[in-house]
Amino acid sequence: MFRALLLAPPGAGKGTQGQRLADRHGVPHLATGDLLRDHVARGTDLGKQAKSHMDAGRLVPDDLVIDMVLRKIGGDGTGEILEGFLLDGFPRTLTQARFAYEWGLQFKRTFHAVIMLEVPEDELVRRLVQRGEEQGRSDDTEEVIRERLAVYEDNTAPLVDFYESRGILVRVDGTGTVDEVTERIEAGLEPMVPA
Ligand code: ADP
């Protein structure tokens, strides 16, 4: 059963590629940004705590996000533990990555691959500004976009070393058409994932 993570800066196409990957491999697509936006929309306690961080382009505190993910993948003492999944937008910090690693060891569900989409920064800003105009997502304004990119650099870039040293990082060029990127991802995954 397929277990992988999608690591990519804002605007790199995580949502689109994440859904495709999950569908192709027959596993749930767990996107922490979508889950958090859903909590905000429903006005849950978590949503109330997360909203100001998200609107400012900062990360939601680790303990809140880890708790939310644990409830989805299992292991908090209630219900089943998922065998397969595509985690999209998580882990984003070393603390989250260490948690995910320990979880995998504890439940014999270590991850097969971490797909990292790479897109030049000016292209990311262009895509996000356009999405802001089209979809009106509250954090897609130029100022907040710059903050999110800086936050990614600071917090998420160290994960590259973490996963590279474990031999599961797959770097993928995220430019070009959606289909081209999907093909590159599948080609990169081939040696890593059980048939
Ligand atoms: P993007 O990658 O374009 O910023 P996401 O939908 O993945 O979009 O995330 C939106 C926001 O949700 C982030 O800016 C952050 O505030 C919050 N978020 C999502 N995933 C995490 C996470 N793993 N840890 C902390 N905050 C997160």
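Below, all heavy atoms of this structure are taken into account, side chains as well, without hydrogens, waters or symmetry copies. In listed order, ligands and their atoms are each counted from 1.
Within the 6.0 Å centre-distance limit, the rings of Phe85 and Trp103 are counted as a close aromatic pair.
When each atom of ligand 1 is checked for a heavy atom of Arg37 under 4.0 Å away, the hits are 6 (O), 10 (C). Shown in contact with Leu36 at under 4.0 Å from a heavy atom are these atoms of ligand 1, numbered in order with element: 12 (O), 17 (C), 18 (N), 19 (C), 27 (C). Near Gln96, with a cut-off below 4.0 Å to any heavy atom, the atoms of ligand 1 are 22 (C), 23 (N), 24 (N), 25 (C).
For atom 16 (O) of ligand 1, the nearest protein heavy atom (residue, atom name, distance) is Arg58 O, 2.6 Å. In terms of protein heavy-atom proximity, atom 20 (N) of ligand 1 is closest to Thr32 OG1, 2.8 Å. In terms of protein heavy-atom proximity, atom 9 (O) of ligand 1 is closest to Arg92 NH2, 3.3 Å. Among all protein heavy atoms, the one lying closest to atom 23 (N) of ligand 1 is Gly89 O, 2.8 Å. Residue, atom and distance of the protein heavy atom nearest to atom 2 (O) of ligand 1 are Lys14 NZ, 2.5 Å. Of the protein's heavy atoms, Arg148 NE, 3.1 Å lies nearest to atom 4 (O) of ligand 1.
At a heavy-atom distance under 4.0 Å, atoms from both the backbone and the side chain of Val60 approach ligand 1. In Val65, the part holding a heavy atom less than 4.0 Å from any atom of ligand 1 is the side chain. At a heavy-atom cutoff of 4.0 Å, ligand 1 is contacted by both the backbone and the side chain of Met54.
Heavy-atom distances between Arg137 and ligand 1 reach below 4.0 Å in at least one pair. For the pair Arg131 and ligand 1, a heavy-atom separation below 4.0 Å is found.
By the 30° and 60° cut-offs, the orientation of the rings of Phe2 relative to His25 is parallel.
Annotation for Ala113 and Val170: closest pair CB-CG2, 4.3 Å, computed over non-hydrogen atoms. Taking each heavy atom of Leu5 and Phe90 in turn, the nearest pair found is CD2-O, 3.9 Å. Between Glu118 and Met116, the closest heavy-atom pair is OE2-CE, 3.3 Å.
Screening Thr156, Thr93, Leu59 for a side chain to side chain contact (heavy atoms under 4.5 Å, CB included) involving Val151 leaves a single residue, Leu59.
Counting heavy atoms from C-beta on, the side chains of Val181 and Leu117 come closer than 4.5 Å. Between Phe99 and Leu70, some side-chain heavy-atom pair lies under the 4.5 Å cut-off.
Annotation for Glu121: atom CD does not count as buried by contact number, only 12 or fewer foreign heavy atoms lying within 6.0 Å.
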